[in-house]
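Chain letters run A, B, ... following the sequence lines, proteins first, then strands; residues in each count from 1. Just the heavy atoms: all of them, side chains too, but no hydrogens, waters or symmetry mates, feed the values below.
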Amino acid sequence: MSTNRQLADCFERIASILEVTGANGFKVNANRRVARVIKDLPDDISSHAGDKKGLTAIDGIGAGSADKILEFLDTGEISELAELTSQVPDGLVDLLDVPGLGPKTVRRLWQEVDVTSIEKLKLAIGDGTLESMPRMGAKTIANIADSLKFMETSGDRLGIGKALPIAEALITQLAEIPGVERIEYAGSLRRGRETIGDIDLLAVTMDPDALADSFTTLPEVAKILARGATKCSVRLQRGVQVDLRMVSEDAFGAALMYFTGSKEHNVALRERAIKAGQRLNEYGLYPDDGGEGTPQSRGVTPVAAASEADIYKALQLPVHPPELREQRDDVEQSPPPLVEIGLVHAELHAHTRASDGVMSLPELVEQARSRGYHTIAVTDHSKSSVQANGLSEDRLRKHIDEVRELDSELKDIRVLAGSEVDILADGRLDYEDDLLAQLDIVIASPHVALRQSADKATSRLLRAIRHPLVHIIGHPTGRIINKREGLSPDMAALVEAAAECRTALEINANPLRLDLRDTHVRLAVGAGCLVAINTDAHSPEDFDLLRYGLLTARRGRLGPDQCINTWPADRLHEWLSSKRP
DNA sequence: GCCGTTTTCGGCCCGACTGTTTTCAGTCG
């Protein structure tokens with residue numbers, strides 16, 4: 001596990017223990033925030049060893065947390081955490097993970113009936129101990145039992161590659177319900193996060209009852225978690241929770257903004273509103289007239305509510321695209337121009353039947369052409385990728401000839417002869433230079449030795465970045481989301497070298513990879529790197545994975561000028577040629 | 001615990017829903 005992850009877990013744990021022991025809630029939140037900030041750091045926090053000033057310069061980290069971080073980097077532990085851990089029974093904080101159990105209830109379980117772990121909770125439900133507690137009725141106990149059962153079968157957060165199609169299918173179904181005028185998804189899905197905790201839907205309807213009924217009785221619904229006048233929650237059979245909010249058309253922007261989040265972005269906007277003598281909630285931005293109760297309930301006319309753009313404008317802030325609402329920047333800072341899917345004109349990483357793809361060469365080219373691309377690169381695997389039917393030198397030479405022949409017949413699209421060549425464990429490439437030099441495009445990717453040390457990974461990847469014949473580093477860390485951590489190289493060193501050598505780093509758009517990840521993209525953009533967004537297509541439908549790469553790119557503030565897939569053909573081909581003898 | 005173009009002290013977002021209990025606490029997002 002990376003140092004960042006370990007340290008973030010420490011702060012998360014500090015927050016949980018403080019919460020259960022009844023500490024000040026703001027202190028709890030401050031520790032949670034530190035955990036999040038550390039987890040989001042693109043680089044290894046070890047680089048800040050001994051650097052208290054640098055640490056406190058990071059938003060959310062104050063002097064106290066900086067000391068704890070330095071202690072951890074120095075000794076591998078945090079004494080405050082050890083002290084806190086000794087104050088609560090082992091397993092107690094695990095109870096916070098049970099949906100429906102919050103800090104207050106966990107504390108009561110501990111102190112009133114000595115339930116201090118998930119196991120003990122199950123026993124206490126079984127033997128009736130729980131029923132003896134005040135405010136612990138049959139329904140509450142049944143809900144806890146259900147949550148425990150759910151926890152056994154549910155795994156990690158849902159990947160965006162699964163969540164987005166589910167949301168779109170739900171929207172298609174619900175849009176058909178009579179009275180529904182508008183329905184969209186919000187939440188972390190709209191922000192394009194790589195994994196999703198739950199799906200948030202927002203609807204405008206003339207008949208809320210009909211929509212709520214239809215929603216809660218969809219065949220894929222396993223359990224109804226809540227059904228109110230404006231909000232319903234269900235759990236689907238696939239385990240994912242879906243929240244549906246019904247709002248009025250004239251407040252749709254405020255609601256969309258509110259439910260898109262992130263929570264931190266909302267807080268920043270609210271604080272901004274308060275400073276301007278206003279109040280912001282999911283119904284709109286209101287003048288603060290000092291009256292009792294909520295402005296919407298008193299019929300106060302909002303300053304802005306109908307669209308997100310109206311609200312940002314009224315707050316005198318630039319409009320933030322959903323992907324940039326993680327509150328990693330000051331809200332007053334104008335977002336840069338971002339890449340858009342319509343600007344992509346080239347796919348630079350794709351496989352054919354020659355290695356492990358399912359498309360013939362003409363089929364691959366047809367997919368690219370149907371999307372209006374000016375360039376498609378054929379990049380089958382190299383010889384070391386035996387499991388992927390990688391090409392021997394002889395097979396690659398013949399493959400190059402085939403690609404060149406097809407290319408010569410086509411006027412409207414350029415077909416590049418390339419390879420996705422393995423970066424071996426020590427940084428050497430899988431083909432000799434004279435063969436690589438014959439290719440129009442070389443993507444160098446790590447496929448093996450993905451558990452090597454950070455130092456080895458850094459020098460391995462640096463060697464590939466600096467190789468004069470390499471254009472793009474494919475999926476640089478080799479991670480698979482929720483499955484394989486992949487390499488943890490010194491990203492700051494990588495992006496610096498890549499910028500200097502004009503070697504592009506890839507955002508592999510496959511939603512299982514998204515590698516570079518958003519924080520790495522951000523670092524690369526800041527360093528002035530070239531970035532490629534590639535689908536790594538093995539089949540025709542893989543071309544549609546591009547949108548996941550775009551979301552990640554936008555979350556990393558990537559603009560069209562640094563994204564080589566958006567370049568006009570001339571500029572792209574010129575850059576490719578510049579790396580040829 | 002963190003933060004400051006009103007502040008180095010005194011704030012720190014706000015509403016919906018549930019379950020339980022008769023007016024609200026707890027959880028969630």
### Message
Distance check, P atoms only: B:dT6 and B:dG1, in whole angstrom units.
### Response
27 Å
### Query
Using a cut-off of 4.0 Å on non-hydrogen atoms, how would the nucleic acid contact of A:A268 be classed: base, sugar-phosphate, or nothing?
nothing
### Passing option when A:L558 is tested against A:L338, A:L550, A:I533 for side chain to side chain contact (heavy atoms under 4.5 Å, CB included)
A:I533
### Task
Considering only atom P, compute the distance from B:dG11 to B:dT7 and round it to an integer number of Å.
14 Å
### Message
At 4.0 Å (heavy atoms only), tell me whether A:N266 reaches a base, stays on the sugar-phosphate, or touches nothing.
### Response
nothing
### Summary
When rounded to whole Å, the CE to C1' distance for the pair A:M257 and B:dC13 reads 14 Å
Pick out the pairs of N or O atoms, protein on one side and nucleotides 26-29 of chain B on the other, that lie under 3.5 Å.
from	atom 1	to	atom 2	distance (Å)
B:dG26	O3'	A:T105	OG1	3.2
B:dT27	OP1	A:G102	N	2.7
B:dT27	OP1	A:G102	O	3.0
B:dT27	OP1	A:T105	N	3.0
B:dT27	OP1	A:T105	OG1	2.4
B:dT27	OP2	A:K104	N	3.3
B:dT27	O5'	A:G102	N	3.4
B:dC28	OP1	A:G100	N	2.6
B:dG29	N2	A:Y258	OH	2.7

### Query
So, A:D207 versus A:T205: side-chain donor-acceptor pair below 3.5 Å or not?
no
### Message
Work out how far the C1' atom of B:dC13 is from that of B:dC28, and round it to whole angstrom.
### Response
14 Å
### Sidechain N-carboxylate O distance under 4.0 Å for A:R32, A:E19
yes
### Query
What is the distance, rounded to the nearest whole Å, between atom CE of A:M136 and atom C1' of B:dT21?
15 Å
### Query
With both distances under 3.5 angstrom, what nucleotide forms a Watson-Crick or G-U wobble pair with B:dC24?
B:dG19
### Query
Taking the nucleotide of DNA chain B with the closest heavy atom to each, which residue, A:C232 or A:P134, is nearer the 5' end?
A:C232
### Integer angstrom distance from the P of B:dT21 to that of B:dT27
16 Å
## Note on the structure
Winner on side-chain proximity to A:R227, out of B:dG19, B:dC13, B:dT18, is B:dT18
### Task
Can you tell me the distance, in whole Å, between the CG atom of A:N29 and the P atom of B:dG11?
18 Å
### Query
Does A:Y283 have a side-chain nitrogen or oxygen under 4.0 Å from the phosphate oxygens OP1 or OP2 of B:dA16?
yes
### Query
Just by protein heavy atoms under 4.0 Å, how would nucleotides 1-6 of chain B read 5' to 3' in B, S and -?
BSS---
#### Entry: Distance-only donor-acceptor check, side chains A:R325 and A:S262, under 3.5 Å
no
### Query
A:R107 CZ to B:dA25 P: how many Å, rounded?
17 Å
#### Entry: Exam field: side chain A:S147 to backbone A:P99, donor-acceptor pair closer than 3.5 Å
yes
## Note on the structure
Closest to the 5' end of DNA chain B, once A:L225 and A:E271 are matched to their nearest nucleotides, is A:E271
### Whole-angstrom distance between B:dC14 and B:dC9, as gauged at atom P
25 Å
### Query
Rounded to the nearest Å, what distance is computed from the CZ atom of residue A:R279 to the P atom of nucleotide B:dC12?
12 Å
#### Entry: Under-4.0 Å side-chain N/O to phosphate OP1/OP2 contact, A:N281 with B:dG15
yes
### Task
Could you tell me whether the side chain of A:D51 and the main chain of A:S47 form a donor-acceptor pair under 3.5 Å?
no
#### Entry: N/O (side chain, A:T140) to phosphate O (OP1/OP2, B:dT18) under 4.0 Å
no
### Query
Taking atom P of B:dC12 as reference, at what distance in whole Å does atom CZ of A:R270 sit?
13 Å
### Task
Write down the distance between CD1 (A:I141) and C1' (B:dT20), rounded to a whole number of angstrom.
12 Å
### Message
Would you measure the distance from the P atom in B:dC17 across to the matching atom in B:dC12 and give it in whole Å?
### Response
26 Å
### Message
If the test is side chain to side chain donor-acceptor pair (under 3.5 Å), which one of A:H320, A:K263, A:R193, A:R555 qualifies with A:E326?
### Response
A:R555
### Task
Pull up the glycosidic torsion of B:dT7 and say syn or anti, syn being anything within 90° of 0.
syn
### Message
I'd like to check the salt bridge (Lys or Arg N to Asp or Glu O under 4.0 Å) partners of A:E264; sequence neighbours left out, ordered by chain and number.
### Response
A:R36
### Task
Classify the nucleic acid contact of A:N143 as base, sugar-phosphate or nothing, counting any heavy atom under 4.0 Å across all strands shown.
sugar-phosphate
### Query
In terms of side-chain geometry, is the basic nitrogen of A:R554 or A:D518 positioned less than 4.0 Å from the acidic oxygen of its partner?
no
### Message
Assess, by modelled atom type and distance only, whether the side chains of A:D243 and A:Q241 contain a donor and an acceptor separated by less than 3.5 Å.
### Response
yes
### Message
Roughly how many Å apart are B:dC3 and B:dT8, using the C1' atom of each and rounding to a whole number?
### Response
9 Å
### Query
Can any side-chain N or O of A:S188 pair as donor or acceptor with the backbone N or O of A:R191 at less than 3.5 Å?
no
